[in-house]
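See structure below.
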Number of protein chains: 2
Amino acid sequence: MSYKDKKVITIGIVSELTGLSERQIRYYEERKLILPDRTKGGTRKFSFLDVERLIDIANKMEDGMQTFEIRKMEKEEKKRTDRKTRDQMIRGQINAAFNIRK
Amino acid sequence: MSYKDKKVITIGIVSELTGLSERQIRYYEERKLILPDRTKGGTRKFSFLDVERLIDIANKMEDGMQTFEIRKMEKEEKKRTDRKTRDQMIRGQINAAFNIRK
DNA sequence: CGTGTAAGGAATTCTGACACG
DNA sequence: CGTGTAAGGAATTCTGACACG
């Protein structure tokens, strides 16, 4: 949707933006912590959101967390976010039905 | 500042995003219509703003405009924008001085 | 488990030039 | 003027493996 989610950044740039080595970035992909796109030739393409995630991952790794724990944590965060979004949509429906302004 | 201005996209991706050939993009740079950054190795890096500019340029070229005309037009637009920004800042100062809410 | 590294190859990008118009 | 293309080389990225721990 927005620029933040467009997968357009190659790994070298991502490495610079995050301070992580290319090796680390590829490993985190292997562990399913990030899911870059690929060009036809096979070159990885990342989004700014991926870059943010990687910085977050880097912090968690520094705190001694392991990749599988980080993966779990991210999934739970997503659940929470989805739940919130759903609630807000329902509230929106209700407000619309009663023609209420917030 | 924002993601829109970060120079992180290589020419192949820009080509896909804009529909322009790499040749065209390099030529527009030569004519100073865009100013990508470079990696240490010399590879060009573009921003999303550059991509937007290129799409705009492509439209103007289709309309038969020449590169030097486009360059001029962009400069004038920038002037107009800067003038507007300046006016708004001055208004901001005045409002602050008189403690006025808009 | 997480990361560095050397290895060999493939994809990507670069420049300068010639061509056409 | 604007753009395509073939040419040769350089920078970038890729994978699978070995190493250490």
Side-chain angles (χ1 to χ4, degrees), chain A residues 6-75, chain B residues 6-75:
Chain A
K6 279 257 180 187
K7 307 259 186 179
V8 295
I9 318 176
T10 48
I11 198 165
I13 313 271
V14 173
S15 174
E16 282 190 359
L17 293 175
T18 59
L20 295 167
S21 69
E22 301 186 6
R23 180 66 167 97
Q24 288 175 304
I25 296 167
R26 293 196 188 102
Y27 180 68
Y28 299 152
E29 177 193 16
E30 188 186 318
R31 302 308 309 271
K32 310 285 183 194
L33 297 183
I34 40 171
L35 301 165
D37 276 1
R38 299 272 183 156
T39 64
K40 293 169 190 180
T43 303
R44 269 168 271 251
K45 296 185 293 181
F46 301 83
S47 66
F48 280 114
L49 184 57
D50 290 329
V51 171
E52 288 187 8
R53 267 186 199 131
L54 282 168
I55 292 171
D56 195 55
I57 291 167
N59 289 326
K60 286 175 179 156
M61 292 298 288
E62 270 185 42
D63 295 348
M65 212 173 291
Q66 287 187 294
T67 56
F68 81 93
E69 299 178 284
I70 296 176
R71 196 181 329 126
K72 264 199 179 170
M73 186 173 286
E74 298 207 326
K75 265 189 198 164
Chain B
K6 278 256 179 187
K7 308 260 185 178
V8 296
I9 316 175
T10 49
I11 197 164
I13 312 272
V14 173
S15 173
E16 282 191 357
L17 293 176
T18 61
L20 295 168
S21 69
E22 301 187 7
R23 180 67 167 98
Q24 288 174 304
I25 297 167
R26 293 196 188 102
Y27 180 68
Y28 299 153
E29 177 192 16
E30 189 186 317
R31 303 308 309 270
K32 310 283 182 195
L33 297 182
I34 40 169
L35 301 165
D37 276 1
R38 299 273 182 154
T39 63
K40 294 169 191 180
T43 302
R44 270 168 271 251
K45 296 184 294 181
F46 301 82
S47 66
F48 280 113
L49 183 57
D50 291 330
V51 171
E52 288 187 8
R53 265 186 200 132
L54 282 167
I55 291 170
D56 195 57
I57 291 167
N59 288 328
K60 286 174 178 157
M61 292 298 289
E62 270 185 42
D63 295 347
M65 212 173 293
Q66 286 186 297
T67 56
F68 80 94
E69 300 179 283
I70 297 175
R71 197 180 330 126
K72 264 199 179 168
M73 186 173 286
E74 298 208 326
K75 265 189 198 164

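Since this is a predicted model, take the numbers as computed values, not measurements. Order of the sequence lines fixes the chain letters, A, B, ..., with proteins taken first and strands second; residue numbering starts at 1 for each chain. Any value given below was found using the heavy atoms of this structure, including those in side chains, with hydrogens, waters and symmetry copies removed.
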| said: Looking at Lys6(B), I'd like to know if its NZ atom is crowded, meaning that more than 12 non-hydrogen atoms belonging to other residues, nucleotides or ligands lie closer than 6.0 Å. | reply: no
| said: Treating Lys7(B) as the side-chain partner and Leu35(B) as the backbone partner, does any N or O pair qualify as donor plus acceptor under 3.5 Å? | reply: yes
| message | Rounded to whole Å, how long is the line connecting atom CD1 of Ile11(B) with atom C1' of dT12(D)? | response | 15 Å
| query | Does Thr43(B) have a side-chain nitrogen or oxygen under 4.0 Å from the phosphate oxygens OP1 or OP2 of dC14(C)? | reply | no
| Ile70(B) side, atom CD1; Leu33(B) side, atom CG - distance, nearest 0.5 Å | 6.0 Å
| field | Heavy-atom pair with the smallest gap, counting every atom of Leu17(B) and Val8(A) | value | CD1-CG1, 4.1 Å
Using the 3.5 Å cut-off, write out each protein N or O paired with an N or O of nucleotides 18-20 of chain C and the distance between them.
none

| request: Report the nucleotide, chosen from dT3(C), dC14(C), dT12(D), that has the shortest atom-to-atom distance to any side-chain atom of Gln24(A). | output: dT3(C)
| field | Sequence neighbours excluded, every pair satisfying side-chain hydrogen bond (donor to acceptor under 3.5 Å, both in side chains) that has a member inside residues 13-25 of chain A | value | Ser21(A)-Gln24(A), Glu22(A)-Arg26(A)
| field | Residue-phosphate contact under 4.0 Å: Thr39(A) side-chain N/O, dT12(C) OP1/OP2 | value | yes
| request: Could you name each residue pair satisfying ring pair (Phe, Tyr, Trp, His ring centres under 6.0 Å) that touches residues 39-59 of chain B, not counting sequence neighbours? | output: Tyr3(A)-Phe48(B)
| query | What residues in residues 15-22 of chain A put a non-hydrogen atom under 4.0 Å from any atom of DNA chain C? | reply | Ser21(A)
| Along DNA chain D (nearest heavy atom to each residue), the more 5'-positioned of Ile13(A) and Met61(B) | Met61(B)
| task | List in chain and number order the residues that pass salt bridge (charged side-chain N to carboxylate O under 4.0 Å, His left out) with Glu74(A), two or more places apart in sequence or in another chain; answer none if no residue qualifies. | result | none
| query | Within the structure shown, what part of the strands sits under 4.0 Å from Arg44(B) by heavy-atom distance: base, sugar-phosphate, or nothing? | reply | sugar-phosphate
| request: Find the runs of at least 3 consecutive base pairs, i with j, i+1 with j-1 and so on, that include DNA chain C, using Watson-Crick or G-U wobble geometry with both distances under 3.5 Å. | output: C:2-5 with D:17-20, C:17-20 with D:2-5
| task | Have a look at Tyr28(B) and say if it touches a base, only the backbone sugar-phosphate, or nothing, with a 4.0 Å heavy-atom cut-off. | result | sugar-phosphate
| query | Between CD1 of Ile34(A) and CG of Leu54(A), what distance do you get to the nearest 0.5 Å? | reply | 4.0 Å
| note | Rounded to whole Å, the CZ-C1' distance (Arg38(A) to dC14(D)) equals 8 Å
| task | Taking the side chain as every heavy atom from C-beta outward, state whether Ile13(B) and Thr10(A) have any pair of such atoms under 4.5 Å apart. | result | no
| request: Using atom CZ of Arg31(A) as one end and atom C1' of dT3(C) as the other, report the distance to the nearest whole Å. | output: 13 Å
| request: Please name all residues satisfying side chain to side chain donor-acceptor pair (under 3.5 Å) with Ser47(A), sequence neighbours left out, ordered by chain then number. | output: Asp50(A)
| Whole-Å gap separating P (dT13(C)) and CD (Glu30(B)) | 19 Å
| query | Which residue pairs pass the salt bridge (Lys or Arg N to Asp or Glu O under 4.0 Å) test with at least one member in residues 31-43 of chain A, sequence neighbours excluded? | reply | Glu29(A)-Arg38(A)
Please tabulate the protein-to-nucleotide N/O contacts below 3.5 Å involving nucleotides 8-10 of chain D, giving atom names and distances.
none

| note | Separation of dT15(C) atom C1' from Arg26(B) atom CZ, nearest Å, is 9 Å
| field | Atom-pair distance (OH on Tyr27(B); P on dC14(C)), nearest Å | value | 18 Å
| task | Report the residues that fulfil side chain to side chain contact (heavy atoms under 4.5 Å, CB included) with Asn59(A), sequence neighbours left out, ordered by chain and then residue number. | result | Ile55(A)
| query | When the distance from CD1 of Ile25(B) to P of dT12(C) is rounded to whole Å, what number comes out? | reply | 15 Å
| said: If the cut-off is 4.0 Å, is Thr10(A) near the phosphate of dT13(D), judged by side-chain N/O to OP1 or OP2? | reply: yes
| said: Tell me the interatomic distance from Phe68(A), atom CZ, to dG2(C), atom C1', rounded to whole angstroms. | reply: 14 Å
| said: The criterion is side chain to side chain donor-acceptor pair (under 3.5 Å); which residues satisfy it with Arg71(A), sequence neighbours excluded? | reply: none
| Who pairs with Met73(A) by side chain to side chain contact (heavy atoms under 4.5 Å, CB included), at least two apart in sequence or on another chain? | Lys60(A), Met65(A), Glu77(A)
| query | Which heavy-atom pair separates Gly64(A) from Glu69(A) by the least distance, and what is that distance? | reply | O-OE1, 4.5 Å
